[in-house]
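Heads up, the thing below is written out as structure tokens.
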Amino acid sequence: MGQIDSVNQIHTHCLVRGLPISFESSLKERIPIIPINLKLAKKQHEAYIDILNSLIPNLIKVEEDEMHPDSCFIEDTAIIVGDIAVISLLGAIQRRGEEVLVREAIQKAGIQRIYGIKHPGILDGGDVLFTGKDLLVGLSKRTNYEAVLQLRDIFNGSLKVFSIPVIEGLHLKSVISTFDSRILILGACQAGAYIADEIQKQSELKDNYSLIFVPDPVASNVLRIGTTLIMQEGFPMSEKVLQDLCDERGVKLIKLNMSELIKADGALTCCSILFQI
Ligand code: CIR
């Protein structure tokens with residue numbers, strides 16, 4: 001693989017997976033005060049898929065997996081960068097097995113070079129942020145440094161793999177995502193501030209990225225598809241920051257209510273794997 005530097009990633013394909021009826025038993029950092037409303041969760045997830053379907057030419061639906069309540073969070077099972085896919089060894093033992101049908105779907109879609117994270121490495125895709133240039137990997141309860149070493153081996157210098165500790169919350173992408181390949185959106189919270197410090201400390205990162213903070217950590221997980229930015233509905237202060245940014249750059253902002261998925265620590269990026277062939 002040559003040097004990757006796609007300033008504007010054009011996603012041609014997208015993998016999603018239906019929300020199972022068992023979703024109420026999904027893993028949760030905290031038990032929600034108001035329990036998950038399954039019907040609403042399904043509706044919100046379907047609305048998410050509909051939007052992706054309207055923005056990306058090839059949407060691939062992986063068969064639902066009732067045995068794994070978290071399986072709609074497909075992002076965690078694999079990362080795809082360029083012509084390489086890496087299948088996760090999921091950090092949560094209960095989630096292992098979700099990756100099997102995802103691997104098949106990736107192969108069917110035409111990605112030929114498929115690797116896997118091996119023990120003692122563990123990795124959740126939610127900890128891997130591809131900026132369009134670099135791979136930032138969160139060291140969290142779900143992803144370890146051994147996985148970072150394996151990723152460096154797999155990408156073999158074709159892109160830089162940086163590791164960044166995640167000091168609270170679930171994943172790296174719970175508090176950071178990309179607006180574009182030069183602008184990163186961070187949550188104004190302890191974990192977000194720590195990540196920003198780490199970025200400032202490493203000159204290769206510091207010189208390449210501008211950091212924009214949004215007041216609500218949940219709203220820092222945005223999904224950029226072409227000239228559209230999708231954010232979570234219900235965070236007016238963060239919306240103002242993102243709307244201004246979008247207006248300056250000619251990007252359309254769409255809001256999606258994902259309240260029921262947030263209760264299971266899901267964000268916007270976690271329900272899809274976007275790639276280009
Ligand atoms: C979990 O704990 O694994 C799920 N309940 C949430 C996973 C969210 N994944 C993501 O944001 N990439």
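As the structure lists them, so they are numbered: ligands from 1, and atoms in each ligand from 1. Given the structure is predicted, the values throughout are model-derived calculations rather than measurements. Sequential numbering from 1 along the given sequence is applied to the chain's residues.
- Between the side chain of N221 and the backbone N or O of L268, at least one donor-acceptor pair lies under 3.5 Å.
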Could you list each N/O atom of ligand 1 together with any protein N/O atom closer than 3.5 Å, one pair per line with the distance?
| residue | atom | partner | partner atom | Å |
| --- | --- | --- | --- | --- |
| ligand 1 | 2 (O) | R142 | NH2 | 2.9 |
| ligand 1 | 3 (O) | R95 | NH1 | 2.8 |
| ligand 1 | 3 (O) | R142 | NH1 | 2.8 |
| ligand 1 | 5 (N) | L27 | O | 2.8 |
| ligand 1 | 5 (N) | D70 | OD1 | 2.7 |
| ligand 1 | 5 (N) | A264 | O | 2.8 |
| ligand 1 | 9 (N) | D76 | OD2 | 2.8 |
| ligand 1 | 12 (N) | E75 | OE1 | 2.7 |
| ligand 1 | 12 (N) | D76 | OD1 | 2.8 |
| ligand 1 | 12 (N) | D76 | OD2 | 3.4 |

Report, one line per pair, each donor and acceptor closer than 3.5 Å where one atom sits in a side chain of residues 199-208; sequence neighbours left out.
| residue | atom | partner | partner atom | Å |
| --- | --- | --- | --- | --- |
| K201 | NZ | E198 | OE2 | 3.0 |
| E204 | OE2 | K160 | NZ | 2.9 |
| N208 | ND2 | E204 | O | 2.8 |

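- In this structure D216 satisfies the side chain to side chain donor-acceptor pair (under 3.5 Å) test together with S238, sequence neighbours excluded.
- Every residue meeting the salt bridge (charged side-chain N to carboxylate O under 4.0 Å, His left out) condition with K141, not counting sequence neighbours, appears here in chain and number order: E29.
- Using a 4.0 Å cut-off between a side-chain N of Lys or Arg and a carboxylate O of Asp or Glu, K173 and E75 qualify as a salt bridge.
- A salt bridge is defined here as a Lys NZ or Arg NE, NH1 or NH2 lying under 4.0 Å from an Asp or Glu carboxylate O, and E46 with K43 fails to meet this definition.
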